[in-house]
Asker: 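This is the structure I want to talk about, given as structure tokens.
Bear in mind the structure is a predicted one, so any value in this text is a computation, not a measurement. Index from 1, following the sequence.
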Amino acid sequence: MLSATCVKGDVTKQVTEYAVSTDSGTPEIIETVSNVPVGSSYVALICGLITLAVVMLCSTYGKKTLRLIPFIIGILAGYAAAAIFTVIGNICDIDALKIVDFSVFSSYMLTDGSVSLKTFVSLPDFAFVSGLKGLKEFDFTYFATIFVAYVPVALVVFAEHVADHKNLSSIIDHDLLEEPGLTRTLLGDGVGSIAGALFGGCPNTTYGESVACVAITGNASVVTIFAAAIGCMLFSFITPLVAFVDSIPACVMGGVCIALYGFIAVSGLKMIQDANLDDNRNLFVVSVILIAGIGGLTLTFGDITLTEVAAALILGILTNVMLSKKKGNAAKK
């Protein structure tokens, strides 16, 4: 999925495809309309690689200020390259060079075709406003569906929470599961998720990408992270900034994510290097988790789908439980 993102621009065109279906017993023409990127995958890849290169150079050789914000500098550099390609593509009418979708600015800032206060400042779409309208449709069946769908997700988030805090603890050389403690960090995670869902943002979780940012920049200051969070909330009211963020092409973010996800993968390997892999129990647990996760194992039960992470987590837990019981029975004998 990440490799596909790095070669994709945001400027698209509608493509209509026709296929013949015989599912109903008689030949039937099915029309499918999809949005296909017009930009060349090679041009998009160049923008993504420029982003990645700038992030690595700033983080490795940059001075103190640059090393604190390598991702911002990298995104700006990749965006600038993509914008230059797009402008040339628009002037010369070359679709292969069109990467940035500048129409986003018009849709955000000039929705009615005229300049107004909303052009500069606007209220985000708060989720709780739409949620209150749907309370009359809420019933037990709806609640049960949500419960069944999200309980597996909660288990995945719990495992991710513990793993990321262990990883972060090794970075800042302080055991966060002891101080402030797992109960407090989980409580903060839950309250943050509730607040994020109510106001329409992403549910809060200890994203590995955020841990990677802390490790790469070397800035683990709580004050800095708190200020960044407040800044993000305030910036969401400034229409030009929202439009700019939304216009960042997928390939640029893909270049950044190579560094972030690469760090996550390496951190995962570092966490298991202390495990005794000569013990078959540990070997099988690690093998099942890695192959299920990297191999992209997904399970679908009706309307419920377990992602790769969820499947890897569940299989890892089952493997650990099964081999633990076997080991206990062998010890008794």
Asker: Taking the side chain from Thr86 and the backbone from Ile99, do they hold a donor-acceptor pair closer than 3.5 Å?
Answerer: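 Judged by distance alone, yes, a pair lies under 3.5 Å.
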
Asker: Distance alone, cut at 3.5 Å: any donor-acceptor contact between the side chains of Thr51 and Tyr79?
Answerer: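 Side-chain D/A pair, Thr51 to Tyr79: absent.
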
Asker: Following the transitive rule for hydrophobic clusters with a side-chain heavy-atom cut-off under 4.5 Å over Ile, Leu, Val, Met, Phe, Trp and Tyr, establish whether Ile69 and Phe71 coincide in one cluster.
Answerer: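 Ile69 and Phe71: one cluster.
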
Asker: Could you measure the distance from the CG atom of Leu315 to the CG atom of Leu297? Nearest 0.5 Å is fine.
Answerer: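 If we round to the nearest 0.5 Å, Leu315:CG and Leu297:CG are 6.0 Å apart.
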
Asker: Would you say Asn219 and Thr217 are linked by a side-chain donor-acceptor pair, where the criterion is simply a distance under 3.5 Å?
Answerer: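 There is no such pair between these side chains.
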
Asker: Looking only at side chains, do Ser169 and His174 share a donor and an acceptor under 3.5 Å apart?
Answerer: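 No, no side-chain donor-acceptor contact under 3.5 Å.
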
Asker: Distance from Asn282 atom CG to Thr319 atom OG1, nearest 0.5 Å?
Answerer: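 Reported to 0.5 Å precision, the distance equals 12.0 Å.
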
Asker: Quick check against the 3.5 Å criterion: does Thr185 have a side-chain atom that pairs as donor or acceptor with the backbone of Leu182?
Answerer: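 Yes.
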
Asker: Using only atom types and a distance under 3.5 Å, with no angle test, would you say the side chain of Arg67 pairs donor to acceptor with the backbone of Ser59?
Answerer: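 Checking the backbone N and O of Ser59 against the side chain of Arg67, a donor-acceptor pair under 3.5 Å is found.
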
Asker: Give the intermediate values and the outcome of side-chain contact (heavy atoms from CB on, under 4.5 Å) for residues Val100 and Val11.
Answerer: CA-CA 6 Å; Val100 182; Val11 180; 5.7 Å; no

Asker: When hydrophobic residues are tied together by side-chain contacts of less than 4.5 Å, even through go-betweens, does Ile314 share a cluster with Ile291?
Answerer: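 No, it is not one cluster - the side chains of Ile314 and Ile291 are not joined through contacts under 4.5 Å.
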
Asker: Indicate yes or no for a side-chain donor-acceptor contact from Asp101 to the backbone of Ser247 under 3.5 Å, with no hydrogens or angles considered.
Answerer: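 It does not hold such a pair.
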
Asker: For atom CG of Asp173, is the number of surrounding heavy atoms from other residues, nucleotides or ligands below 6.0 Å larger than 12?
Answerer: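 Not more than 12 within 6.0 Å, no.
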
Asker: Working to the nearest 0.5 Å, report the span between CD1 of Ile194 and CZ of Phe199.
Answerer: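 Nearest 0.5 Å value for the CD1-CZ distance: 12.0 Å.
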
Asker: So, does Ser107 use its side chain to make a donor-acceptor pair with the main chain of Val104 at under 3.5 Å?
Answerer: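 Yes; at least one donor-acceptor contact below 3.5 Å.
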
Asker: What's the spacing between Leu52 CG and Cys257 SG if we round to 0.5 Å?
Answerer: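 That separation rounds to 10.5 Å.
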
Asker: Could you give me the CA-CA distance, side-chain angles and deciding distance for Asp175 and His165, then say whether side-chain contact (heavy atoms from CB on, under 4.5 Å) is met?
Answerer: CA-CA 8 Å; Asp175 192 350; His165 274 76; over 6 Å; no

